[in-house]
Each structure stands twice: as structure tokens, then as C-alpha cells.
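For reference, the structure is listed below as C-alpha cells.
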Amino acid sequence: GIPLTATQDIHYLKKEDAHYHDILLAVGTGNKLVDTNRLTLKMDDFSMTSPQEMLERFGDIPEAVENAAKIADNCNVELILGKPILPSFPLPEGETANSFLRKIVIEKLSQRYENITQEIKERIEYELGVIEKTGYAAYFLIVQDFINWAKERKIIVGPGRGSAAGSIVSYISGITDVDPLKFNLLFERFLNPDRIQMPDIDVDLADLRRNEVMGYLNEKYGRDNVAHIITFGTMAARAAIRDVGRVLGAPYSFCDRISKMIPFNQDLEASLESVPELAEMYKNDQLAKEVIDGAKHLEGVARHASVHACGTVLSKESLTEYLPLQYAPQDPDTIITQFEMHSVEDLGLLKMDLLGLKKYRLLYHTL
């Protein structure tokens, strides 16, 4: 009794992309275009099909096309971007996130400063006011909690780096070990009331015990609410030239010559405009044009997925309420997001960089 639905297998957007998709398949399988018995989809059209074409193909059962549209209408979803979604930090009865953060700062103040000057008091009040205004008190509570947990268990934690070192609240609560007043560091680089965005605290941990910290986060906030973040390896301009050239059967020396004309960290379009020799070769050499055109289509395409070295995301509810998850390609026991870190941040989820460093192993031997 389930209604019939019309579908189309789509591998690229436009019909003219078929050739470049074929090149991509050949790159992925290690073949050349001239090879026989290789994986290819050029025997049919796998582009994005227009509604008119679908109606023509399924002219005898137009209701199948209508059913596809009904499914699409029922699958529409609007993602709310930019609104912070912080995990719920467990608070003592009668406390709010702002009041509890203030309480922690007051209790630990004497541990950091013997002489509590007016400058220190004013800096604390200013920062707590900004944190309350921006609504990030829970963020500070979450970070100071797991960092102090790690320190209590003799897990080596870095002193703090980046803009977080400019916060006296971070210093007093134990998130960082750098006194921002002593080094004249600006809090506004870390959290600015005129440009409200999620603060970013990078945490360095001993690599051998990073998993213990991850285990603590899983236990405290729920395994469904914590995950690593995916990262994609993409084709850069120079690598794309070499890959496409090999697939097209161009000599290695020829492709190497083209790739070395491309400035580092510059895409092919910009390189054609800024490097006259490359533009001249593209204009006058047919093989060079074919290689460069192919590379322009493949540049930026994801080659593989892996786990971000330090990216970790925490959510208020199960992460599947906000984004898709998957198993890590190299480790079936590790759960990772299918959105890369910038998209995770755009969703408002709490992203933290917990970087495991090998250099801290030496400190364990000296302790």
C-alpha cells in the first residue's frame, strides 16, 4: 500500500560535469581514462534532473513524481544558526550559572593573588558583567570543571594559550595559569561585548591521558551528547594538477612544471590571473588547458574524512537532535560529527579544542 515514488541517481550537478566526475573516479581508483574495465558512470546521465525531465521520463505515472515532491515538502527543516546551545552544567540548589561562577571566583581569588588590589576587583567585575551579558557563564563553568578535574588527577594541562589567557576569570578559576594583569593582556580579544560570539578556549593535555578527560565528559554530560569532530582532506591546486595529469596520461614532468607555477595557498583561478606564464600555457597548450580545467573542477573536493586532532563538541541534548553522526573511518569505536568544525560552531554548539601533546610525556618522567 505504499505509494510509488520517482527517483534519480545523482552524482553531479550538471550534465557537463560528467567528464570531470569520470576523472574524479579515475583518481580515486588509481586508473587512467584510457584504461578498460575501470569504474565509470559515463554510460548514463547522473546529473541533477529538472522537474520537466522527470515528468517526461515518468509520463505514464505522473503521480510518482508528485509523491517525490510530497516527500520533499515533509522533509523541510530550518536550522537556527548563531544561537548558543550550551550543555546544562549541574548547579547547586538556588544557584544560577552567573551566581555560581561569581562564587567560584570569589572563593579562589586568594589562591591567585596575595594582595587584592582595586584594579583586580574592577577587572573581575568587568569580566563577570560581560560574561553575564553575553550568556556564557555556563561555558566557563564547564571548562573550569573538567580542567580542574584533570589537574586533581595529575593529568598535565597546558598553562593556556590564545586569547583565553587575557581573562582574569579564566586565571582565577583555574582554566589558565597566565596572569593577564601581569602581562597586560586584553580581555576583549577573548570576549567582546560589542561582538558577541562563542569564546574559544584551547586546552593542551598530555596525549597519553587525553582519553581520561574525554571519558569524564562522556560520563558527566552523556555519551549521546559528546563527540569528536570530523575533518575533510581536500584536493589542493597543486595536487589536483598532478592527479588530473596522471589520469589524462600527461607526462609527470609536464604536470610538475604546471604545479610549480602555482603559488602556495592560492587557487587555480587566482593563479591564472597572477602568473602570466601559467595563463600563457593555459591559452596556447591544449593538454595544459585540459589538465587545468580538470583540476579546477576537482580543486576543493573532499578526498577523505578523518577525526579532527582536537575538536570536541558538547550538546545540551542528544547530538542527533542537531547534526548527523557517523563512526570514524579509521576507528569504528569513535563517534564523530558529519559536520566540520565551522558548521558545528554555526549551529551554536559548544566546540572545544582538546589537544593531546606528546611533549608533555617528558614532564611525567620528571615528576
Side-chain angles (χ1 to χ4, degrees), residues 79-89 91 95-109 112-113 116-148 157-205 229 308 310-316 322-323 337 339-355:
L79 299 176
I80 300 172
L81 303 180
K83 183 180 179 181
I85 308 170
L86 293 172
S88 299
F89 184 80
L91 296 166
E95 296 279 7
T96 65
N98 290 310
S99 69
F100 192 51
L101 179 61
R102 176 180 289 274
K103 183 177 180 180
I104 289 174
V105 170
I106 292 171
E107 288 178 352
K108 292 188 173 184
L109 180 56
R112 291 297 198 185
Y113 296 102
I116 303 171
T117 64
Q118 186 63 27
E119 180 187 15
I120 292 172
K121 292 178 181 178
E122 289 177 359
R123 178 66 172 256
I124 290 171
E125 288 302 321
Y126 169 68
E127 289 195 15
L128 287 175
V130 172
I131 292 168
E132 182 172 357
K133 177 184 176 182
T134 54
Y136 290 129
Y139 177 79
F140 282 82
L141 290 173
I142 291 166
V143 177
Q144 65 83 31
D145 173 69
F146 80 78
I147 286 180
N148 287 317
V157 181
R161 56 184 168 86
S163 60
S167 168
I168 198 170
V169 170
S170 295
Y171 176 57
I172 295 170
S173 65
I175 294 173
T176 62
D177 291 314
V178 180
D179 183 354
L181 298 183
K182 180 180 179 180
F183 297 101
N184 195 29
L185 301 177
L186 296 175
F187 175 68
E188 288 76 13
R189 285 191 64 240
F190 175 55
L191 190 58
N192 195 319
D194 298 322
R195 185 174 56 86
I196 298 175
Q197 67 181 97
M198 187 86 78
D200 188 18
I201 299 176
D202 297 332
V203 182
D204 294 335
L205 300 163
I229 295 176
H308 192 279
C310 53
T312 307
V313 59
L314 274 69
S315 65
K316 188 173 184 178
Y322 309 105
L323 44 70
T337 65
F339 289 176
E340 48 76 48
M341 63 178 182
H342 298 297
S343 299
V344 169
E345 289 175 328
D346 289 342
L347 284 172
L349 294 170
L350 174 55
K351 180 191 78 72
M352 297 185 298
D353 288 337
L354 309 182
L355 184 61

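A quick note: this is a predicted structure, and the numbers were derived from the prediction, not measured.
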With sequence neighbours excluded, give me every salt bridge (Lys or Arg N to Asp or Glu O under 4.0 Å) pair touching residues 171-186. R112-D177, K151-D177
Mind listing the closest non-hydrogen atom pair of I147 and I175 along with its distance? CD1-O, 3.7 Å
Just to verify, what does T337 make a side chain to side chain donor-acceptor pair (under 3.5 Å) with, not counting sequence neighbours? none
Are side-chain heavy atoms of L181 and T117 found at a separation under 4.5 Å? no
Suppose we screen for ring-ring contact (aromatic ring centres under 6.0 Å, His included). Which residues come up paired with Y322, at least two apart in sequence or across chains? none
For R102, what residues pass the side-chain contact (heavy atoms from CB on, under 4.5 Å) criterion, not counting sequence neighbours? I106, E125, L128
Sequence neighbours excluded, which residues qualify as side-chain contact (heavy atoms from CB on, under 4.5 Å) partners of M352? V143, F146, L217, L314, L350, L354
What heavy-atom pair brings N98 and A137 nearest, and what distance separates the two atoms? OD1-CB, 3.2 Å
side-chain contact (heavy atoms from CB on, under 4.5 Å) with P84: which residues, sequence neighbours excluded? Y136, M198
Under 3.5 Å, is there a donor-acceptor pair between the side chain of N148 and the main chain of S173? yes
Tell me which pairs pass salt bridge (Lys or Arg N to Asp or Glu O under 4.0 Å) where either residue lies in residues 158-169, with sequence neighbours left out. R161-D202, R161-D204
Would the distance check show the side chain of E127 and the main-chain N or O of F187 forming a donor-acceptor pair, the cut-off being under 3.5 Å? no
Mark yes when over 12 heavy atoms from residues, nucleotides or ligands other than I80 sit less than 6.0 Å from its CD1; otherwise mark no. no
Shortest non-hydrogen contact from A138 to A97? N-CB, 4.0 Å
Between P199 and L191 the two heavy atoms that sit nearest each other are CD-CD1, 4.2 Å
Can you sort out the partners of E107 under side-chain contact (heavy atoms from CB on, under 4.5 Å), two or more places apart, ordered by chain and number? K103
Those residues that, when tested against S99, pass side chain to side chain donor-acceptor pair (under 3.5 Å) (two or more places apart): E95, T96
Are any of the side-chain heavy atoms of L109 and I120 separated by less than 4.5 Å? yes
Distance-minimising heavy-atom pair for A165 and P180: O-CB, 3.5 Å
So, do L355 and V203 sit near enough that their side-chain heavy atoms are less than 4.5 Å apart? no
Any heavy-atom pair between the side chains of L141 and I104 that's under 4.5 Å? yes
Least distance between heavy atoms, D353 atom then K351 atom: OD1-NZ, 3.1 Å
Tell me, please, which residues at least two apart from K316 pass salt bridge (Lys or Arg N to Asp or Glu O under 4.0 Å). none
Non-neighbouring partners of Y171 that pass ring-ring contact (aromatic ring centres under 6.0 Å, His included), sequence neighbours left out: Y113
Sequence neighbours excluded, every pair satisfying salt bridge (Lys or Arg N to Asp or Glu O under 4.0 Å) that has a member inside residues 128-141: none
4.5 Å side-chain heavy-atom contact, I201 and Y139: yes
